[in-house]
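Following: one structure in structure tokens, then a few remarks.
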Amino acid sequence: MRHDALREAVRDAAYLEGDFVLRSGRRSSYYLDKYRFETRPDLLRPLGARIAAEVAEHAPDAELLAGPELGAVALAAAASLESRLPFLIVRKVAKEYGTGKRIEGLFDEGQCVCIVEDVVTSGGAALDSVHALRAAGLVVHTAVCVVDREEGGADELARHAVRLRAIFGAGEFAAAAKPT
């Protein structure tokens, strides 16, 4: 699917206007409902392909992908299928039962991981994953997201030596907003 066609399909599926409070605590007049594009195979497949292409180009040393729960797991799985790179799931907190792990999946200390994210605003969720992965001995220097809301997340990640690569910038959605 071409870039502009995929952008329009994601926008049509997930771009909502109104008064919203974001994870960062900020208020916004629009919201990108990630579950509206992550749960549709017709969008998940091309997004997985685009993420895999971004990883191949901008993080060629990545041996693993990592998706923070819950939102990015489907995207990481789709990109894993396309790239053939295994993926990890980064929990918000370690399980209190079973293995008690915060990071699910197989990895070896020192492996390079590329984080997969859905929508990045302030970068807080991605940074939580960066810290957890680094604490486990993994190397993280790149994150790929579907949408960068262009509200400081890329800069915040850069302050922690992580480059953010976005398939779409929020400005692309605003410039092509749905007619009312």
Worksheet item: Does Arg149 make a cation-pi contact with Tyr30, if we ask for NZ or CZ under 6.0 Å from the ring centre and within 45° of the axis?
Response: yes
Fill in: Distance-only polar pair, side chains of His3 and Glu8, donor-acceptor under 3.5 Å
no
Worksheet item: Would you call Cys114 and Leu65 a side-chain contact if the rule is heavy atoms closer than 4.5 Å?
Response: yes
Response to the item:
Between Gly123 and Leu157 the two heavy atoms that sit nearest each other are O-CD2, 4.3 Å
Worksheet entry | Residue pair Thr39 / Leu44, side-chain heavy-atom distance below 4.5 Å | no
Discussion item. With a 3.5 Å distance limit and no angle check, can you tell me whether Arg102 reaches the backbone of Lys92 through a side-chain donor-acceptor pair?
Written reply: yes
Worksheet entry | Arg26 atom CZ, neighbour heavy-atom count above 12 within 6.0 Å | yes
Fill in: Interatomic distance, Glu69 atom CD to Ser129 atom OG [nearest 0.5 angstrom]
9.0 Å
Discussion item. What I'd like to find out is whether the side chain of Arg36 reaches to under 4.5 Å of the side chain of Leu43, using heavy atoms alone.
Written reply: no
Worksheet item: Would you call Val120 and Val147 a side-chain contact if the rule is heavy atoms closer than 4.5 Å?
Response: no
Item to complete: Go through Arg27 and Asp19 one step at a time and tell me if the side-chain contact (heavy atoms from CB on, under 4.5 Å) criterion holds.
Response: CA-CA 7 Å; Arg27 294 195 87 79; Asp19 182 30; 2.7 Å; yes
Worksheet item: Less than 4.5 Å apart, any side-chain heavy atom of Leu70 and any of Tyr35?
Response: yes
Worksheet item: Shared ILVMFWY cluster between Leu164 and Ile167, side chains joined below 4.5 angstrom?
Response: no
Practice prompt. Go through the steps to decide whether Val139 and Arg134 satisfy the test side-chain contact (heavy atoms from CB on, under 4.5 Å), and finish with yes or no.
Written response: CA-CA 6 Å; Val139 176; Arg134 287 179 175 167; over 6 Å; no
Practice prompt. List the steps, then state whether side-chain contact (heavy atoms from CB on, under 4.5 Å) holds for Glu38 with Asp118.
Written response: CA-CA 8 Å; Glu38 291 181 16; Asp118 39 46; 3.0 Å; yes
